[in-house]
Amino acid sequence: MKAAKIDYRKELNPAQLEAVQSTKGPHLVIAGAGSGKTRILVYRVAHLVERGVDPKSILLLTFTRRASQEMLTRAADILDKRCHSVSGGTFHSFANMVLRRYGPRLNLTRNFTILDQGDAESTVNLVRTNLGFNRFDKRFPKKRTLLSIISKSVNKGEDVELVIEAEYPHFQVYAEEIKKIKRAYIEYKRHKGILDYDDLLIYLKELLERNEDIRAKLSDKYRYIMVDEYQDTNKLQADILYLLLTAHDNIMVVGDDSQSIYSFRGANFKNIIDFPKVFKNAKLITLEENYRSVQPILDLTNNVIRDATEKFDKNLFSKKKGGMPPLYIKTENEGGQSDYIVEKVIELASKGVELGDIAILFRAGWHSNDLEIELAKNNIPFVKYGGQKFVESAHIKDLISHMRIAYNRSDEVSWRRALLLMRGVGAKTADTIIKGIVTDKKDLSLDDKLTKKSMDIKRLETILKRIGDKELVPLQVFKAFSKYYEPIFKERYDDFHKRQSDLESLERIAARYNSMEAFLTDMALEPPEKSIVDAHTRSKDKKSLVLSTVHSAKGLEWHTVFIIYVAEGHMPSYQSFGDDDSIEEERRLLYVAMTRAKENLYMLRPLIERSGRGYVMGKDGSMYTSMSRFLDNYF
C-alpha cells in the first residue's frame, strides 16, 4: 500500500485525528471555541481523497462560499489539486445548483431570478399593496417585518400565528392579513419565476421529497457529507440533509452547541442537540484543546457555560503559558466606561499591541455610541462592524436591476426599480410598462405615448433590443447599462464621486464571470461584504480599533477584548427576561464574546444606567445596574 503523503499523527492532536480518520457512519464533532474546527475539516477532506475516495463524491457544506473555498484550497496545499474537485459551498448555492438542473420537475424555469433581501422586501410590499393592506393604519407591520415573519415561519416550519405570538405579539391582531400576504407572496414569486433565499431550500426539500429517483441519485453521488457550523442550521437545512442520506449515513457535522447564537435568523439549537437522537449510532467526538486563549480566560468561559441547561459537556484547556485573569470593571457611569477603555487602549498601544488586534464587543449597536465619541476625541481610529453590504447600496442595486432585466424579462421587481429611476416616470407609467412587457408578454416595442414621457424609456428600450436573446456576457451587459445609467447616477446621488469606486468594483467583479446566471446568483447569494462608501477598506482596518456586535464577531479573535455593558438587562438583554430559551442563548452569546480573547479580557459595567429599563432606582432618580447573572459564581 502506498505510504500516506501527510503525517496526520504529527499534524493533529488525538481528538482531531480521531475526527479526521472516522469516515464511515454518522459523526458529531463538538468543537469548542478555538479548538481547530476548520483544521479537521481540511484534513478530513485530504484524508478521504488520499484514501482514494472520488473528490466529486464529497460534499462540504459551509455558511459562506469563501469558507468552503479556503478549506478546499488548504486541503489542496497539503495534499494535491484533486481536493479542488470536492463539491463545496453553502446550502443555498448547493440548492441553486440542483434546482437549475432539476427545477422543471417542480415547474420552475431554469433561468429563475434570485431576490436579495432588499428586493424580497420590495416584493412583499408590492403584494401588500395589491391586496389593499397598504391602506391599513400606521401600526400595520412594515415590509421588513412582514418578510421577517414569513421567513421565520418558513425556516422554522411554524405557522405564521406561532411566529407572531412568540416574537411580534403586538401584531397578533393582523395575523389573518399577514397569512394572506404570505400566500400571495408565494404565488406571486412562482408566477413571475423569482425565488428568495428561503425558496431555494423550500424547493430543494420539495424536489427531494417528491422525486425518489433524484433523491437516490444525489445521495449516491455524494457519499461523504460534511457540514460546518451545524449549530447554526435551521430546520429546513436539517431536513434536506436527512433526505440526502437515502443511500448511506456517512455524515459528519461539526459545530459547538455553546456558540449557537443565531435563533433570530431561524437557526435551530435543537439540530445539534438532537443529532445523537436522530442518528442512534452516531459517534460523538469532542475537541477541547484550545489554541487561542490563555487558561485563565478559559477557566471563566468553562464556568459560564457549565451552568447551561442543555449542552454537551466539555472543558476547554490550553497549553499556552501565563496569562492574567479576566477583569470585571465597574465604572461610575457610561462615560467612565468609555474613559477606562480609551486609557487602556492607549496603554496597550504603547506596549506594542496593534490597534487592529484590540476589539470592543457589545450586545447592541447603540452600546458603543458614547465610546465612539471618546475615541474620536482622542484621535483613536476605529472601524465598526455590522455595516451595509455592498449589494445593498442603492447605486449597486440600481445597476444590478438593469442586468437582471436583461437576463429575465419577467423580473417585475427589477423592472419597477429601473423604471422609477427614470426622469419623468412615476408609478402609474411604470405599472403600464410592466403590464405590457411582463403580464401581457408583449415585445419591447413600447407605445410612442410612453416613450415621449422620458428619453430614458427610449434609451432603455434600445439597449434591451440590442442585447436581445443572445448569449449574455456579464461585462458586456454591465458596460451597456453603465453608460445608460451614468446621467441618472450623477443626478440622483450628491456623493456620486464617492460611489463611483463601487461601480468600478462591480465592473471588475462582472469581468470575472462568463455566465449571467452565475454572476447574478453570486450577487444574490454571496455578495461582497461592504460598500466602499460606508466602511473603511480592509487595509485601514489593520490600523484601526475594532468595534463590533458579538454576533458579527463570531469566528474572529483578538489579542485583547473589552466587553461593555456586561450587566443585567444588557447581557442578558432585558428582552430575554421570562423566556428560558432566550436566556440560555444570551449565556451562549457571552461565551462567544469571551472566547474571542487570546491574552486579555476586560468586562465592564457602568453602575449608573442612563436608559433605566428594568433596573434598580436610587433615591436620586438614577438607575443602577446589577452584575450579569452569568458571572455571579465567578466574581
Side-chain angles (χ1 to χ4, degrees), residues 1-91 93-94 97-98 218-230 241 244-245 247-256 282-292 319 512 518 522 526 555-557:
M1 185 175 176
K2 188 177 178 182
K5 179 180 177 181
I6 301 168
D7 186 347
Y8 295 95
R9 291 185 182 279
K10 180 182 176 182
E11 299 295 333
L12 304 164
N13 68 38
Q16 292 173 335
L17 181 65
E18 183 183 12
V20 165
Q21 294 184 334
S22 298
T23 56
K24 294 294 183 182
H27 289 79
L28 169 61
V29 178
I30 297 299
S35 64
K37 169 179 65 67
T38 300
R39 190 173 184 81
I40 67 163
L41 289 168
V42 168
Y43 275 83
R44 193 170 191 263
V45 166
H47 176 68
L48 286 168
V49 173
E50 192 172 19
R51 284 183 56 228
V53 172
D54 181 356
K56 291 185 173 64
S57 70
I58 303 171
L59 177 62
L60 173 62
L61 294 171
T62 59
F63 270 77
T64 66
R65 189 180 62 170
R66 180 181 172 187
S68 64
Q69 288 175 334
E70 288 179 354
M71 288 183 199
L72 297 182
T73 297
R74 284 176 58 184
D77 288 343
I78 62 174
L79 184 64
D80 57 49
K81 63 182 180 181
R82 286 177 294 170
C83 296
H84 285 304
S85 298
V86 169
S87 298
T90 65
F91 277 90
S93 65
F94 175 72
M97 177 191 71
V98 174
L218 290 174
S219 182
D220 190 57
K221 178 178 180 180
Y222 300 111
R223 304 292 300 187
Y224 297 89
I225 298 175
M226 287 179 275
V227 186
D228 189 20
E229 304 285 12
Y230 193 62
L241 284 174
L244 287 173
L245 297 172
H248 62 86
D249 62 355
N250 299 326
I251 180 170
M252 175 175 278
V253 299
V254 182
D256 183 2
K283 185 174 184 179
L284 175 64
I285 301 170
T286 306
L287 306 185
E288 296 176 298
E289 183 172 354
N290 179 286
Y291 294 90
R292 176 186 299 152
K319 293 178 181 176
R512 297 202 297 264
D522 282 358
E526 290 285 342
L556 302 176
E557 59 182 41

TODO: Report yes or no: does Asn290 contribute a side-chain atom to a donor-acceptor pair with the main-chain N or O of Ser35 at less than 3.5 Å?
DONE: no

- [ ] Measure across Leu61 and Phe94 and return the closest heavy-atom pair with its distance rounded to 0.1 Å.
- [x] CD2-CB, 4.1 Å

Task: Pairwise side-chain contact, Arg223 with Val53, heavy-atom cut-off 4.5 Å (strictly under) - done: no

TODO: Please report the closest heavy-atom contact between Leu12 and Gln16, naming both atoms and the distance.
DONE: CA-OE1, 3.6 Å

Open item on the list: Salt bridge check, Glu50 against Arg82: does any charged N sit closer than 4.0 Å to a carboxylate O?
Closed with: no

Task: Distance in Å, Thr38 OG1 paired with Tyr43 OH, rounded so as to fall on 0.5 Å steps - done: 12.5 Å

Open item on the list: Return the NE2 to CD1 distance between His27 and Ile285, rounded to the nearest 0.5 Å.
Closed with: 5.0 Å

- [ ] To the nearest 0.5 Å, tell me how far Tyr224 OH sits from His47 NE2.
- [x] 9.5 Å

TODO: Taking all non-hydrogen atoms of both residues into account, name the closest pair between Cys83 and Ala46 and its distance.
DONE: SG-CA, 4.3 Å

- [ ] Taking all non-hydrogen atoms of both residues into account, name the closest pair between Leu48 and Met226 and its distance.
- [x] CD1-CE, 4.1 Å

- [ ] Check Asp256 against Gly32 and note the closest heavy-atom contact, atom names and distance.
- [x] OD2-CA, 3.8 Å

Open item on the list: Tell me whether Ser68 contacts the main-chain N or O of Arg65 through its side chain, where contact means a donor paired with an acceptor under 3.5 Å.
Closed with: yes

Open item on the list: Main chain of Glu11, side chain of Arg39: is a donor-acceptor contact present, judged purely on distance under 3.5 Å?
Closed with: yes

TODO: Check whether any side-chain heavy atom of Lys24 lies under 4.5 Å from a side-chain heavy atom of Asn250, and answer yes or no.
DONE: yes

Task: Under 3.5 Å: donor-acceptor pair, side chain of Asp249, backbone of Pro26 - done: no

TODO: Find the distance between CZ (Arg292) and CG (Leu556) and round it off to the nearest 0.5 Å.
DONE: 8.5 Å

- [ ] First locate atom CG of Leu59, then atom CG of Leu244, and finally report the distance between them rounded to the nearest 0.5 Å.
- [x] 7.0 Å

Open item on the list: Are the side chains of Val86 and Lys56 in contact, using a 4.5 Å heavy-atom criterion?
Closed with: no

- [ ] Start with the C-alpha distance between Asn13 and Tyr291, add both sets of side-chain angles, then the distance that settles side chain to side chain contact (heavy atoms under 4.5 Å, CB included), and finish with yes or no.
- [x] CA-CA 11 Å; Asn13 68 38; Tyr291 294 90; 2.9 Å; yes

Open item on the list: I need the minimum non-hydrogen distance between Tyr8 and Leu17, along with the two atoms involved.
Closed with: CB-CD1, 3.6 Å

Open item on the list: Check this for me, if you would: do Arg74 and Glu70 make a salt bridge, where the nitrogen-to-carboxylate-oxygen distance has to be below 4.0 angstrom?
Closed with: no

TODO: Enter the distance from Leu41:CG to Met71:CE here, rounded to the nearest 0.5 Å.
DONE: 5.0 Å

